[in-house]
Engineer: 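Handing you this structure, nothing more for now.
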Amino acid sequence: MILPIVAYGDPVLRKECTEITADYPNLKELISNMKETMYNASGVGLAAPQIGKAIRLFIIDASPFAEDEDLSDEDRAVLKTFNKVFINAQILEEEGDEWAFNEGCLSIPDVRQDVYRQPKVTIEYQDEDFKKHTEVLDGLAARVFQHEYDHIEGVLFTDKLSSLKKRLIKKKLENISKGKINADYRMRFPNLKKGK
Ligand code: NI
């Protein structure tokens with residue numbers, strides 16, 4: 001089932017999400033619905049707060065990035081299979097000199113901006129069977145992880161922009177929260193006036 005994606009301005013996107021356990025109700029179904037929702041919106045990641053649940057769960061399928069012609073064969077191979085469920089994820093370490101990448105977010109349609117992040121992360125998470133993993137990610141895989149991880153901490157990529165850039169997109173963000181946007185997927189708007 002395709003779920004509506006929560007738009008910028010909804011307080012659920014600002015919550016520090018809580019950990020879950022294997023007995024979380026209907027978890028398998030929730031994950032499967034999140035996947036369907038992400039693919040329907042052509043996203044490479046989707047975090048639980050974006051469908052209205054403040055829990056530490058997100059999914060990533062970065063395989064579309066594997067088509068990027070500037071990648072090394074090694075990076076391409078990693079991205080092709082970077083399709084995972086992340087439960088109770090933590091970042092243990094972030095390393096390296098910050099680099100810019102043009103990010104977007106399904107909750108903030110039509111806004112894309114360069115965001116600076118460190119290139120390498122050591123992470124810990126549980127998969128959908130609650131098996132624990134520790135991994136090192138770099139490049140685009142790290143980038144997508146960091147963006148989704150921010151969601152479960154209540155952080156959006158627009159928070160990371162310079163104050164000038166923030167001013168420039170302020171009106172656009174307000175419009176998104178009011179539903180004044182044409183996304184080609186279903187959304188839920190916090191400030192949509194009833195009856196309009
Ligand atoms: Ni996002």
Side-chain angles (χ1 to χ4, degrees), residues 2-18 20 30-31 33-65 68 79 82-91 94 98-119 121 123 125 137 139-162 165-166 168-170 172-179 181-191:
I2 294 168
L3 307 167
I5 294 177
V6 168
Y8 182 92
D10 193 305
V12 75
L13 295 177
R14 293 309 190 178
K15 291 211 169 117
E16 197 181 322
C17 297
T18 53
I20 57 168
L30 174 63
I31 291 169
N33 288 342
M34 281 177 66
K35 283 184 181 171
E36 204 183 333
T37 303
M38 177 179 77
Y39 290 129
N40 175 65
S42 305
V44 292
L46 184 72
Q50 293 183 278
I51 49 95
K53 292 192 185 300
I55 55 173
R56 296 185 80 83
L57 161 67
F58 57 84
I59 57 170
I60 289 176
D61 182 356
S63 57
F65 282 142
D68 190 329
L79 289 168
F82 195 55
N83 181 351
K84 289 178 187 183
V85 174
F86 295 89
I87 294 171
N88 303 331
Q90 293 293 344
I91 292 182
E94 284 185 291
E98 290 189 340
W99 66 296
F101 183 76
N102 201 247
E103 292 189 27
C105 181
L106 294 178
S107 293
I108 316 175
D110 280 355
V111 176
R112 296 201 68 92
Q113 291 288 335
D114 279 354
V115 179
Y116 285 84
R117 299 182 191 271
Q118 287 181 280
V121 284
I123 61 164
Y125 66 96
L137 304 175
L140 276 174
R143 173 66 61 158
V144 182
F145 179 92
Q146 286 161 319
H147 177 110
E148 297 312 321
Y149 180 82
D150 273 353
H151 274 299
I152 62 168
E153 293 282 313
V155 175
L156 300 170
F157 80 90
T158 48
D159 302 345
K160 299 187 172 288
L161 304 176
S162 68
K165 287 261 172 65
K166 278 180 186 157
L168 289 174
I169 61 166
K170 191 166 179 266
K172 214 164 178 183
L173 294 179
E174 276 172 26
N175 283 340
I176 292 171
S177 76
K178 290 175 187 159
I181 188 88
N182 288 314
D184 51 10
Y185 44 89
R186 237 177 109 205
M187 293 193 80
R188 196 177 94 190
F189 302 98
N191 299 323

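Ligands are counted one by one from 1 in listed order, and the atoms in each one are counted from 1 as well. Sequential numbering from 1 along the given sequence is applied to the chain's residues. In what follows, every heavy atom counts, from backbone to side chain, and hydrogens, waters and symmetry copies are set aside.
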Engineer: Give a yes or no answer on whether the side chain of Arg188 reaches the backbone of Pro4 with a donor-acceptor pair at less than 3.5 Å.
Structural biologist: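 Not at all, since once roles are kept as given, no pair shorter than 3.5 Å links the two residues.
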
Engineer: Does Asn182, at its CG atom, have more than 12 non-hydrogen atoms belonging to other residues, nucleotides or ligands within less than 6.0 Å?
Structural biologist: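 Counting other residues, nucleotides and ligands, CG of Asn182 stays at 12 neighbours or fewer.
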
Engineer: How about the Ni ion (ligand 1), which protein N, O or S atoms come within less than 2.8 Å?
Structural biologist: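 Near the Ni ion (ligand 1), the protein supplies Cys105 SG, His147 NE2, His151 NE2.
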
Engineer: Test of understanding: with salt bridge (Lys or Arg N to Asp or Glu O under 4.0 Å), list the residues that count as partners of Asp159, not counting sequence neighbours.
Structural biologist: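 In terms of salt bridge (Lys or Arg N to Asp or Glu O under 4.0 Å), with neighbours along the sequence ignored, Asp159 is linked to Arg14.
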
Engineer: Between Phe65 and Phe82, does a ring pair (Phe, Tyr, Trp, His ring centres under 6.0 Å) hold up when you go through it step by step?
Structural biologist: CA-CA 10 Å; Phe65 282 142; Phe82 195 55; over 10 Å; no

Engineer: For the pair Glu103 and Lys160, find out whether any cationic side-chain nitrogen is under 4.0 Å from an anionic carboxylate oxygen.
Structural biologist: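 Looking at Lys160 together with Glu103, the answer is no, because their closest N to O distance does not fall below 4.0 Å.
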
Engineer: Between Tyr8 and Leu156, is there a donor-acceptor pair closer than 3.5 Å when you use the side chain of the first and the backbone of the second?
Structural biologist: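 No, Tyr8 side chain to Leu156 backbone: no donor-acceptor pair under 3.5 Å.
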
